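These numbers were taken from a predicted model, which means no experiment stands behind them.
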Protein chains: 2
Amino acid sequence: MKKEVSHSKIKKQINIWLVEDNVRYRKTLKGLINRTSDMQCSELFSSCEDAINYNNQVDTPDVILLDIGLPGMSGIRGIEKFKILYPSTYILILTVYDDNDNVFEALCEGASGYLLKDSPPEKILDSIHEVLAGGAPMNMKIAHKVLDMFTKLKPQTKIYGLTDREKEILHFLADGLTKQQIADKMFLSFHTVNAHLKNIYAKLHVNTCTGAVSKAFKENLI
Amino acid sequence: MKKEVSHSKIKKQINIWLVEDNVRYRKTLKGLINRTSDMQCSELFSSCEDAINYNNQVDTPDVILLDIGLPGMSGIRGIEKFKILYPSTYILILTVYDDNDNVFEALCEGASGYLLKDSPPEKILDSIHEVLAGGAPMNMKIAHKVLDMFTKLKPQTKIYGLTDREKEILHFLADGLTKQQIADKMFLSFHTVNAHLKNIYAKLHVNTCTGAVSKAFKENLI
DNA sequence: GTCCGAATACCACGAATGTGCTATTGCTAA
DNA sequence: TTAGCAATAGCACATTCGTGGTATTCGGAC
């Protein structure tokens, strides 16, 4: 429920929730936000549970500033819940954790930005505007990590020297087909498929179908 | 290592290469860079091929500003080449393309940042500093796309109702172990593993080991 | 207290797989 | 033109799988 601000009729204040267990930091942030003309820190919570259980029909937040290291449910798990309760709310992570796992998980769960607590106050306020403008504010260090994750996504496909035919057969195998089914699908004799698979196993240094499929997936051979 | 400033012999200028086929934009950029005190645009190329063939032993670039839509080899393919020729050089994409495929590929190949050509000049110069400071400068829109890609990475794991024990066994199966090997590793009888696998197959609606492993990988069950 | 599912274990048998061979046909590179 | 490799095809046999059963134990739900 937005109230009109002072003398003007502008009700377009950004509605912000804070989920942060550190009392001092929470107060500081709240002060910072409320001193900003177009922002309003409407709710404060010290845990995800509190925020989730807070029954609120009308006043959904525009942005949730969310810590990760919280008592009880971690902020990461909290993201999923908030996404269900408030699908259109942007979630901005604000934490001390900058390890790959936390960053990766938070972003996979749908966080719209990732800030570190050592960010200067203006940066935090800017980020709130940025996320509402369709951006994805990130700490410089975090952005770097994010790009690193991408390069790891494309593992340098090791060269096992598979021929095209072998790749094709491996592909079908990785779809769960049996040798006979592959043979039928490729208009080959069972023996040919068998022979190709023998060669594939040798090249991949495996000796079972699961080993081959596993390697195919893990090393992007498919 | 900061050296003394201005009138002294500081050679610590940031050495920048430009790979851009549009003559006008290239000139504009070059002027912009060379008018910046700590930057120097040492080489200009209108294609990746030119830049790659340019034989240069001494003066490796600190940053390459790279277009994607180039005649001949695309900027994306160029990244790999540059990464080999100049492993410690940062590559900043500067392009008009903001589609997911180009962004995704460029970042996977190891670009350190992704800017759009409509960025204001100061933003481009800032980004050069940022990338050297270990950051990953990105256009707001691009950063948003990048985070979106993450959320897509985590496909909503379908609930097949696998028990913990079953997941554990599926995991070993997906590592290429045989039933007997799994039994040994988990201190179970072969028969138990067999029974679990029977249940796993039923729950996943498959009837071969490859089918189960395939599903496990495709749907992030592992 | 009873019921149910998860985890454990066993048996049996037909189907599929893994692996040791050989062999023919093309194509390519030395 | 000869050697080598990919793709094709076949045979044989031991091993492993897939699947139909049954059975016990144990912890939680009703």
Side-chain angles (χ1 to χ4, degrees), chain A residues 49 53 72-73 77 81 156-222, chain B residues 156-222:
Chain A
E49 286 86 343
N53 294 329
M73 184 187 300
R77 289 302 127 237
K81 308 288 182 185
Q156 59 305 340
T157 300
K158 286 210 192 81
I159 300 306
Y160 290 105
L162 292 183
T163 67
D164 288 344
R165 206 62 167 156
E166 285 163 356
K167 284 178 194 163
E168 207 175 342
I169 286 179
L170 181 55
H171 202 286
F172 282 126
L173 189 74
D175 273 345
L177 300 190
T178 66
K179 291 177 182 182
Q180 188 58 59
Q181 286 172 326
I182 297 173
D184 293 346
K185 189 156 270 184
M186 296 178 72
F187 303 104
L188 292 174
S189 122
F190 169 86
H191 303 289
T192 305
V193 175
N194 202 31
H196 280 306
L197 274 177
K198 257 185 282 189
N199 294 330
I200 292 172
Y201 290 178
K203 288 181 181 177
L204 298 187
H205 310 297
V206 298
N207 57 353
T208 59
C209 55
T210 52
V213 172
S214 170
K215 214 149 196 178
F217 275 103
K218 285 183 185 162
E219 315 204 6
N220 274 40
L221 302 175
I222 45 132
Chain B
Q156 61 302 344
T157 300
K158 286 210 191 81
I159 300 304
Y160 290 106
L162 293 183
T163 67
D164 289 343
R165 205 64 170 154
E166 285 163 357
K167 283 179 196 164
E168 208 175 341
I169 286 179
L170 181 55
H171 202 286
F172 283 126
L173 190 73
D175 274 344
L177 300 189
T178 65
K179 291 178 181 182
Q180 188 57 60
Q181 287 171 326
I182 296 173
D184 292 346
K185 190 156 269 186
M186 295 178 74
F187 303 104
L188 292 175
S189 121
F190 168 85
H191 303 290
T192 306
V193 175
N194 200 33
H196 280 306
L197 274 175
K198 253 188 282 191
N199 294 331
I200 292 173
Y201 289 179
K203 288 180 182 176
L204 299 188
H205 310 296
V206 298
N207 58 354
T208 58
C209 55
T210 53
V213 171
S214 171
K215 214 148 193 177
F217 275 104
K218 284 181 184 162
E219 314 203 7
N220 275 39
L221 302 176
I222 44 132

For nucleotides 11-17 of chain C, tabulate all protein N/O to nucleotide N/O atom pairs closer than 3.5 Å, reporting atom names and distance.
unit_1: C:dT17; atom_1: OP2; unit_2: A:Lys179; atom_2: N; d: 3.4

Test item: side-chain donor near acceptor, B:Tyr160 and B:Glu166, under 3.5 Å: no

Crowding at NZ, A:Lys81 (>12 non-hydrogen neighbours, <6.0 Å): no

Spacing of A:Thr163 atom OG1 and A:Ile169 atom CD1 [to the nearest 0.5 Å]: 8.0 Å

Side-chain donor/acceptor of A:Thr210 to backbone N/O of B:Ala174, under 3.5 Å: no

Interatomic distance, A:Thr178 atom OG1 to A:Gln180 atom CD [nearest 0.5 angstrom]: 6.5 Å

Interface limits on DNA chain D, where chain A has a heavy atom under 4.0 Å of a nucleotide atom: D:dA6 to D:dC11

Rounded distance (nearest 0.5 Å) linking atom CE of A:Met186 with atom CG of A:Leu177: 10.5 Å

Nearest heavy atoms of B:Lys215 and B:Leu221, plus distance in Å: O-CD1, 4.1 Å

List the atom pairs, donor and acceptor, that lie under 3.5 Å between side-chain atoms in residues 192-202 of chain A and the rest of the protein, sequence neighbours left out.
unit_1: A:Asn194; atom_1: OD1; unit_2: A:Lys179; atom_2: NZ; d: 2.6
unit_1: A:Asn199; atom_1: ND2; unit_2: A:Ala195; atom_2: O; d: 3.4
unit_1: A:Tyr201; atom_1: OH; unit_2: A:Cys209; atom_2: N; d: 3.3

Minimum side-chain heavy-atom gap B:Asp175-A:Lys218 below 4.5 Å: yes

For nucleotides 4-8 of chain C, which of its nitrogen or oxygen atoms have a protein nitrogen or oxygen under 3.5 Å away, and what is each distance?
unit_1: C:dA7; atom_1: OP1; unit_2: B:Thr163; atom_2: OG1; d: 3.3
unit_1: C:dA7; atom_1: OP2; unit_2: B:Thr163; atom_2: OG1; d: 2.5
unit_1: C:dT8; atom_1: OP1; unit_2: B:Arg165; atom_2: NE; d: 2.9
unit_1: C:dT8; atom_1: OP1; unit_2: B:Arg165; atom_2: NH2; d: 2.8
unit_1: C:dT8; atom_1: OP2; unit_2: B:Arg165; atom_2: NE; d: 3.0
unit_1: C:dT8; atom_1: OP2; unit_2: B:His196; atom_2: NE2; d: 2.7

Separation between CG of A:Leu204 and CG of A:Leu162, rounded to the nearest 0.5 Å: 5.0 Å

Bending between helix ends of the helix from C:dG1-D:dC30 to C:dA30-D:dT1 [5 pairs per end, 10° resolution]: 50°

Results of ring pair (Phe, Tyr, Trp, His ring centres under 6.0 Å) for B:Phe172 - residues two or more places apart only: none

Beyond-backbone contact of B:Val213 with B:Leu173, side-chain heavy atoms, under 4.5 angstrom: yes

